[in-house]
Peer 1: 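First the structure, then my questions, so here it is.
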Amino acid sequence: MLAEFFQVLGEKPYCVKQIMQWIYKYHEFDFDKMLNLSKKLRQQLNDIACIDFPKVFKQDCALDGVIKWVIDVGDNNFIETVYIPEKDRGTLCISSQVGCSLACTFCSTGVQGFNRNLSTAEIIAQVMIAKQYLTDKDKRISNVVFMGMGEPLLNEKSVYVACDLLLDDLAFGLSRRKVTISTSGVVPALLRMADRTPVSLAISLHAPDDVLRDELVPINQKYPIQELLSACQNYLAAGTQERHILFEYVMLEGVNDSVAQAKKLAILLKGLSAKVNLIPFNPFPETQYQTSKKVTIASFQDVLFDNGIRTMTRRTRGEEVDAACGQLAGKVVDKTKRTQT
Ligand code: SAH
Ligand code: SF4
């Protein structure tokens, strides 16, 4: 895109490299200060272009170091971005849509409804806003995960271009393993993703059979588990480098957390290059679900371990600022009107 822009202006391709470095590496947004560009080009850019960011509406810091930004993307729509610091890394959880149309029953974003897709600029702005704040505090972003609001595979084009920038050495320069797209299983898009971008994949599975998954993750009615798993096989086989998949499984008391269900899950995942992430359910006001007890989660995890499946339980972070998984609701003008029926 930038290449075309500069070509139209009659500039050489290296201008793209220069301007990307100014913006992404040096966070310089004033064309007049980009001193290695010609004076003529700087003037031209001032006349026809600007570098602008959506406004931060609110920033909350939790005691455990988690930071949540609520970002105003216009027309009374707000998205959320969360930074989660750990000993050896800092993960930024970004949004791909304003709300989500997939209506998973345990997810606050899903309950809110859907308004629109985010542009690549709005996706990348989340990283820029966080990076600017964190750099001043001597903290860094080592990983970026599309686990905020929205279903990234229903906004493919913008998400893939954003991934390109996240991996580009002239922009954020992250390795493909440190960028993750999380999806609830949009199978046709997942088949395309396998060839389009080398980033990591997380699948929100949450149930070991179709009857229960149809209820918890309604898109399963369209793309049932076996179809999803064969798209996963396709992803694992594509690309030139070794790939793995992270399966996310939210622990809902008395719903999907029994030992029998753990055994079923182990059978499903046998032979796949997979890791399982058990996520204690994070409650939100409108929900009927409860978080599984610690001992139930431990027994579930033991079954998976015994079957040779690498499993970890995610620690809940940022609760007091409603920044934990599935608590991101922003403020969405619901275009599906689902929330009003
Ligand atoms: N739409 C994508 C990415 C955003 S959701 C997806 O579904 O994968 C990011 C993760 O948070 C998903 O694994 C999702 O299932 C999980 N999640 C949603 N609501 C949750 C809740 N209330 N508690 C814990 N995890 C939740
Ligand atoms: Fe959408 Fe993911 Fe929430 Fe499901 S879990 S409603 S796909 S954001």
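Counting starts at 1 for both ligands and their atoms, following the listed order. Worth knowing before you read on, the calculation uses all heavy atoms, side chains too, and leaves out hydrogens, waters and symmetry mates.
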Peer 1: Less than 4.0 Å between a side-chain N and a carboxylate O, is that true for K222 and D214?
Peer 2: no

Peer 1: Using a strict cut-off of under 4.0 Å between a residue heavy atom and any atom of ligand 2, list the qualifying protein residues by chain and number.
Peer 2: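 For ligand 2, the contacting residues are C100, L102, A103, C104, C107, G110, G150, E151, S184.
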
Peer 1: Only one of H244, R310, R243 forms a side chain to side chain donor-acceptor pair (under 3.5 Å) with S273, so which one is it?
Peer 2: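 Testing each of H244, R310, R243 against S273, the sole residue satisfying side chain to side chain donor-acceptor pair (under 3.5 Å) is H244.
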
Peer 1: With respect to atom 10 (C) of ligand 1, which of E151, E248, M251, R314 exhibits the smallest heavy-atom separation?
Peer 2: E248

Peer 1: For Y289 and ligand 1, answer yes if some heavy atom of the residue is under 4.0 Å from a ligand atom, otherwise no.
Peer 2: no

Peer 1: Can you find a side-chain donor-acceptor pair between Y160 and E156 that sits under 3.5 Å?
Peer 2: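 Present: a donor and an acceptor within the cut-off.
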
Peer 1: With distance as the sole criterion, is a donor-acceptor pair present between the side chains of S182 and E248 under 3.5 Å?
Peer 2: yes

Peer 1: Pull out every atom of ligand 1 sitting under 4.0 Å from any heavy atom of T183, numbered as shown with elements.
Peer 2: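 Those atoms are 6 (C), 8 (O).
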
Peer 1: Could you pull out, from S184, G150, A202, P152, the option with a heavy atom nearest to atom 1 (N) of ligand 1?
Peer 2: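 Selected option, by shortest heavy-atom distance: G150.
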
Peer 1: For ligand 1, is C93 a contact, meaning one of its heavy atoms is under 4.0 Å away?
Peer 2: no

Peer 1: Under 4.0 Å, counting heavy atoms only: does M149 come that close to any atom of ligand 1?
Peer 2: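 No.
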
Peer 1: Run the side chain to side chain donor-acceptor pair (under 3.5 Å) test against Q59 and tell me which residues pass, sequence neighbours left out.
Peer 2: W69, Y133

Peer 1: Do R116 and E122 meet the salt-bridge criterion of a basic N to acidic O distance under 4.0 Å?
Peer 2: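 Looking at E122 and R116, the cut-off is met.
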
Peer 1: Aromatic contact between Y24 and F172, with the criterion being ring centroids under 6.0 Å apart: yes or no?
Peer 2: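 Ring centroids of Y24 and F172 are less than 6.0 Å from each other.
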
Peer 1: Do Q112 and T109 have side-chain N/O donor and acceptor atoms under 3.5 Å apart?
Peer 2: no

Peer 1: State if C104 counts as touching ligand 1 under the rule of any non-hydrogen atom under 4.0 Å.
Peer 2: no

Peer 1: Determine whether the side chains of T105 and E215 contain a donor N or O and an acceptor N or O closer than 3.5 Å.
Peer 2: no

